[in-house]
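These values consider heavy atoms only, across backbone and side chains, with no hydrogens, waters or symmetry-generated copies.
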Amino acid sequence: MLAILRQIAQEIDLAGDLTSALEVVTRCVRVAMQVHLCQIYLIDHKRQHYMLMAFDSNDILPEPSEWVALNEGLLGLVAEKMAPIAHLNLTAPHESNKLAFLGVPIVYHRQVLGVIAVEEVNHRIFSEDEEAFLVTLAAQLAGTVVHARDMGFILRAEATSLKASCLQGIPAVPGVAIGEAKIIYPLADLDAIPDRIITDIAAEINRFNAALHSARLDIVQLQQRVEPTLPKEEQVLFSAYLQVLNNAELHMGICEEIEKGQWAEGALRRVIKKHVLQFSGMTDPYLKERAEDILALGQRVLYHLQEKTGKPLHYPQKTILIGEKLTAADLADVPLGLLCGVVSYSGAGNSHVAILARALNVPTIMGAAGLAIVELEDKPVVVDGYHGCLYSNPSAKLLRKYTLWMQEEKELDKELQALRHLPSETSDGREVSLLLNAGLESDATLASTLAASGVGLFRTEISFMNKSQFPTETEQRNLYHTILRAFAPRPVTMRTLDIGGDKALPYLPMQEDNPFLGWRGIRFTLDHPDIFLMQLRAMLSASDGLNNLQIMLPMITSVEEVDEALQLLRRAYADVQEQGLKIAMPKVGVMLEVPAAIYQIADLAKRVDFFSVGSNDLAQYLLAVDRNNARVGDRFDALHPAVLRVLRDAVEKAHACHKPISLCGEIASDAVAAVLLLGLGFDQLSMNAGILLRIKWIIRTISYKQAQELVERILLLDDAVLIRTEVEKMLDGAGLGGLTRAGKK
Ligand code: PEP
Ligand code: MG
């Protein structure tokens, strides 16, 4: 069965579209299980019934009905029970010949998408093995169906019905935005290409021919470039590539698809996938390998098709950026001032795209799959970042409601400006400094506009990420100096390079099975003293004459790492002193983001001056939930009782060693969590610019005693949802409810 499952999985993967994929499945299943009928139904929510998507029968049985009501018969039972149902009709079948039935639900994220069922006229009891086979297949199929739905390959009727309804995702950046959807498709990824209907067929064929021509030129140029060095026999490869690109059948197939009204990208996807499937099914190993070439060449043509259309040339005044897999670069591409909202179908609240969106103060929803992305193109949409809801084609009533809330939010922000120069102090005299999380050169401008007590986290890796090679020492020094000078005399905490995990450098590919448990942060820099020393020297020399630099080490797991880092810091310090610079040795701190570090605070405290909790990673490692994975995004909750108890331990331990402790993870920007952080006794909170005054409002409204009492009560609760509700109640009572939902009140 494993071989059959593998073969089916491969064929699903290569099928040009979902209908072909489902047809492949029904055919393979019918043959493999030796049944008379295999059928796949998917739920059409609009019409409240199952729609027959594919079937394969040996004609003994009548064709299955095109649709079946949701709660009808055995199909309804499978969906209702969310479990396989085997049924054997022992009495003589009066309506049809059906004797044996086995149905298995296609489930994704606890939701039934449809049912795969087999029927057999002969007396038959399906074995456990056969049931397990169908269950496995259904699980494989679920991902394909969801991807196809998100890409707009299927259930257009359903997608249309959802147009005016809410698509639920993970609330990542609070706030509300009304704007126009701009879809970003990943470049040169055939799988990400949706179907799209066009009317100007001649123009589309011209577009395709131009892209094909550019792809041919690429190959010819490559061929010429390698000609002097590559042996003759290897050069044949390029001729083979050109043969594929000149293949008349391929060309005709794509043009035929376009003539049916399909856009060039969709036509290319359909035909290339069909050819790949054909070739990969061949037994001759040479021909089998050609499948890879066809795919690669198809992607090259796609790249040229997308050169002009892949990235929007035009962004609307109020751009809501939507993509299956948005990257930080996609956000950065939008011209300043036009980006109003972000919706990513993958990723979660603590993905770095979400962090960047938060830094830009743009309402954001992550992991929002469930609506055909192509259906949203250029449509008016509303993003509710408080609840993680995306509304497409909103009604006039909904628009009025959200417009009012947006006005109220603007008013609130205006009113809060009055707090700018007031101390961040509770009514009973507890001061909690509010610092800025930054990472861009342009953040220097916030020094004068924002009343932050300094920078609590400067993510240096951001400037490494948008380059094509490691920045030079001088480039680094200049950037750090700009930030240090802008904020002086206020302290600026520069974090040493923290790459790895989901922060990859384009010029340093790292292939790891578990990147979040791998070569990250300090682990990388200690293994690269050359890069580390360069950065440390750049930081130190940048502080010349300013002396407001603090250095923070990420991903610390053990004291040896700190000892080694300090040794390198002393070396860098000696280097800059040799250059004649008179710089005070900066304070050094450690990020508490690996749980092990919390329980070594006393040992670490002998070596460093301060601590800062990186709650994004700390929660990720404590809860064993990938911060970047939308599938488990709802399980990532920094208000989980265990996280709060560990935070309490961290504060107690740091204070017992007389060391200050701050928190610079995203929860410092969450109004509900911020109350608890105040009550837990953090000395400083570091957050995004857009939220700082709101958090100051909380601190100036709630007394330290009140926050401490709340924490005492909260620490007895065993459930994150209860904790959030309890704190929200308290914020409401204090007149701060507007911080947790859209609007002012
Ligand atoms: C954290 O982990 O909380 C943190 C601030 O670091 P980053 O999000 O950059 O990993
Ligand atoms: Mg971190």
K.L.:
Do R713 and E726 sit within salt-bridge range, that is, some charged N less than 4.0 Å from a carboxylate O?
P.N.:
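Counted as a salt bridge, because a side-chain N and a carboxylate O are separated by less than 4.0 Å.
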
K.L.:
Look up atom CG in L553 and atom CD in E593, then write down how far apart they are to the nearest 0.5 Å.
P.N.:
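So the gap between those two atoms works out to 10.5 Å.
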
K.L.:
Hey, does the side chain of K705 reach the backbone of D428 with a donor-acceptor pair shorter than 3.5 angstrom?
P.N.:
no

K.L.:
Rounded at 0.5 Å granularity, tell me how far CZ in F458 sits from CG in L440.
P.N.:
7.0 Å

K.L.:
State whether the side chain of D609 and the backbone N or O of K587 hold a donor-acceptor pair below 3.5 Å, judged by distance alone.
P.N.:
no

K.L.:
Between G681 and V651, which heavy-atom pair has the shortest distance, and what is it?
P.N.:
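Of all heavy-atom pairs spanning G681 and V651, the closest is O-CG1, 3.8 Å.
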
K.L.:
side-chain contact (heavy atoms from CB on, under 4.5 Å) for D683 and V432? Distances and angles first, verdict last.
P.N.:
CA-CA 5 Å; D683 303 298; V432 181; over 6 Å; no

K.L.:
For the backbone of I691 and the side chain of N688, can you confirm whether one donor and one acceptor N or O come within less than 3.5 Å of each other?
P.N.:
no

K.L.:
Do M494 and L457 have side chains that approach each other closer than 4.5 Å (heavy atoms only, starting at C-beta)?
P.N.:
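M494 does not reach L457 side chain to side chain.
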
K.L.:
Is there a side-chain contact between T426 and E431 in this structure, where contact means two heavy atoms from C-beta onward sitting under 4.5 Å apart?
P.N.:
no

K.L.:
Taking it one step at a time, do M591 and F611 satisfy side-chain contact (heavy atoms from CB on, under 4.5 Å)?
P.N.:
CA-CA 6 Å; M591 284 199 77; F611 294 104; over 6 Å; no

K.L.:
Do K659 side-chain atoms and K606 backbone N/O form a donor-acceptor pair below 3.5 Å?
P.N.:
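No, the answer is negative, given that no donor and acceptor are paired below the 3.5 Å cut-off.
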
K.L.:
In Å and rounded to the nearest 0.5 Å, what is the NE2 to CZ distance from H640 to R645?
P.N.:
9.0 Å

K.L.:
Within this structure, what is the CG-CD1 distance for the pair L592 and I598, rounded to the nearest 0.5 Å?
P.N.:
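L592 CG to I598 CD1: 4.5 Å, rounded to 0.5 Å.
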
K.L.:
I want to check something: taking the side chain as every heavy atom from C-beta on, are R520 and D617 in contact at a cut-off of under 4.5 Å?
P.N.:
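Side chain of R520 against side chain of D617, heavy atoms only: contact under 4.5 Å found.
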
K.L.:
Is it true that atom CD of Q417 has more than 12 heavy atoms of other residues, nucleotides or ligands lying nearer than 6.0 Å?
P.N.:
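Atom CD in Q417 is packed in, count exceeds 12.
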
K.L.:
To the nearest 0.5 Å, how far apart are CG in L434 and OG in S686?
P.N.:
9.0 Å

K.L.:
If you take all heavy atoms of R490 and A452, which pair is closest and at what distance?
P.N.:
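Of all heavy-atom pairs spanning R490 and A452, the closest is NH1-O, 2.9 Å.
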
K.L.:
Answer yes when R358 and D670 have at least one side-chain N-carboxylate O distance shorter than 4.0 Å, and no when they do not.
P.N.:
no

K.L.:
Between S351 and A354 (side chain of the first, backbone of the second, donor and acceptor by atom type, cut-off under 3.5 Å), is there such a pair?
P.N.:
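The answer is no, because no donor-acceptor pair under 3.5 Å joins these two groups.
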
K.L.:
Check whether N548 reaches the backbone of L484 with its side chain - one donor and one acceptor, N or O, closer than 3.5 Å.
P.N.:
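Yes, N548 side chain to L484 backbone: donor-acceptor pair under 3.5 Å.
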
K.L.:
Can you see which heavy atom on P171 is nearest to which on G388, and at what distance?
P.N.:
CB-N, 3.6 Å

K.L.:
What are the two closest heavy atoms between A668 and A674, and how far apart are they?
P.N.:
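A668 and A674 have their closest heavy atoms at O-CB, 4.1 Å.
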
K.L.:
Below 4.0 angstrom, N of the basic side chain to O of the carboxylate: do D719 and R724 qualify?
P.N.:
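Here D719 does not pair with R724 in a salt bridge, since their nearest N and O are not under 4.0 Å apart.
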
K.L.:
Does the side chain of L331 come within less than 4.5 Å of L339's, by heavy atoms?
P.N.:
yes

K.L.:
Can any side-chain N or O of R607 pair as donor or acceptor with the backbone N or O of D603 at less than 3.5 Å?
P.N.:
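It does hold such a pair.
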
K.L.:
State, yes or no, whether a side-chain contact exists between H655 and I661 at a heavy-atom distance under 4.5 Å.
P.N.:
yes

K.L.:
Does the side chain of T472 pick up a donor-acceptor pair with the side chain of R477 at under 3.5 Å?
P.N.:
no

K.L.:
Is a donor on one side and an acceptor on the other found under 3.5 Å between the side chain of E561 and the backbone of S558?
P.N.:
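Yes; judged by distance alone, with no hydrogens or angles, the pair exists.
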
K.L.:
Please check: side-chain N/O of Q535 versus main-chain N/O of L497, any donor-acceptor pairing under 3.5 Å?
P.N.:
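Yes, because the side chain of Q535 sits within donor-acceptor range (under 3.5 Å) of the backbone of L497.
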
K.L.:
Might you work through the side-chain contact (heavy atoms from CB on, under 4.5 Å) test for K729 and L710, ending with a clear yes or no?
P.N.:
CA-CA 11 Å; K729 243 191 314 186; L710 176 72; over 6 Å; no

K.L.:
Taking atom types as modelled, is there a side-chain donor on T525 or T496 under 3.5 Å from an acceptor on the other?
P.N.:
no

K.L.:
For residues 475-519, which residue pairs pass the ring pair (Phe, Tyr, Trp, His ring centres under 6.0 Å) check, not counting sequence neighbours?
P.N.:
F470-Y507, W519-F524

K.L.:
Before accepting this row, confirm whether a basic side-chain N of the pair D413/R694 lies closer than 4.0 Å to the acidic partner's carboxylate O.
P.N.:
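Answer for the salt bridge query: yes.
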
K.L.:
With a 4.5 Å heavy-atom cut-off, do V576 and I583 have their side chains touching?
P.N.:
yes

K.L.:
Has Q579 got more than 12 heavy atoms of other residues, nucleotides or ligands less than 6.0 Å from its CD?
P.N.:
yes

K.L.:
Can you give me the closest heavy-atom contact between Q476 and A538, atom names plus distance?
P.N.:
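For Q476 versus A538, the nearest heavy atoms are CB-CB, 3.6 Å.
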
K.L.:
Please walk me through it: do R430 and E425 pass salt bridge (charged side-chain N to carboxylate O under 4.0 Å, His left out)?
P.N.:
CA-CA 5 Å; R430 164 96 181 162; E425 199 177 275; over 6 Å; no

K.L.:
Could R495 and D498 be called an ion pair, given the rule that one side-chain N must be under 4.0 Å from one carboxylate O?
P.N.:
yes

K.L.:
For the residue pair M552 and C664, what are the closest heavy atoms and their distance?
P.N.:
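That closest heavy-atom pairing would be CE-SG, 4.3 Å.
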
K.L.:
At what distance, to the nearest 0.5 angstrom, does CG of L736 lie from CG of L739?
P.N.:
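One finds 5.5 Å between CG of L736 and CG of L739.
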
K.L.:
Using side-chain contact (heavy atoms from CB on, under 4.5 Å), reason through M585 and R570 one step at a time and then give a plain yes or no.
P.N.:
CA-CA 9 Å; M585 185 67 159; R570 283 191 286 273; 4.1 Å; yes

K.L.:
With a 4.5 Å heavy-atom cut-off, do K653 and Y599 have their side chains touching?
P.N.:
yes

K.L.:
So R635 and L623, do their side chains get closer than 4.5 Å, heavy atoms only?
P.N.:
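Side chain of L623 against side chain of R635, heavy atoms only: no contact under 4.5 Å found.
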
K.L.:
Does N616 reach the main-chain N or O of G665 with its side chain, forming a donor-acceptor pair under 3.5 Å?
P.N.:
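The answer is no, because no donor-acceptor pair under 3.5 Å joins these two groups.
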
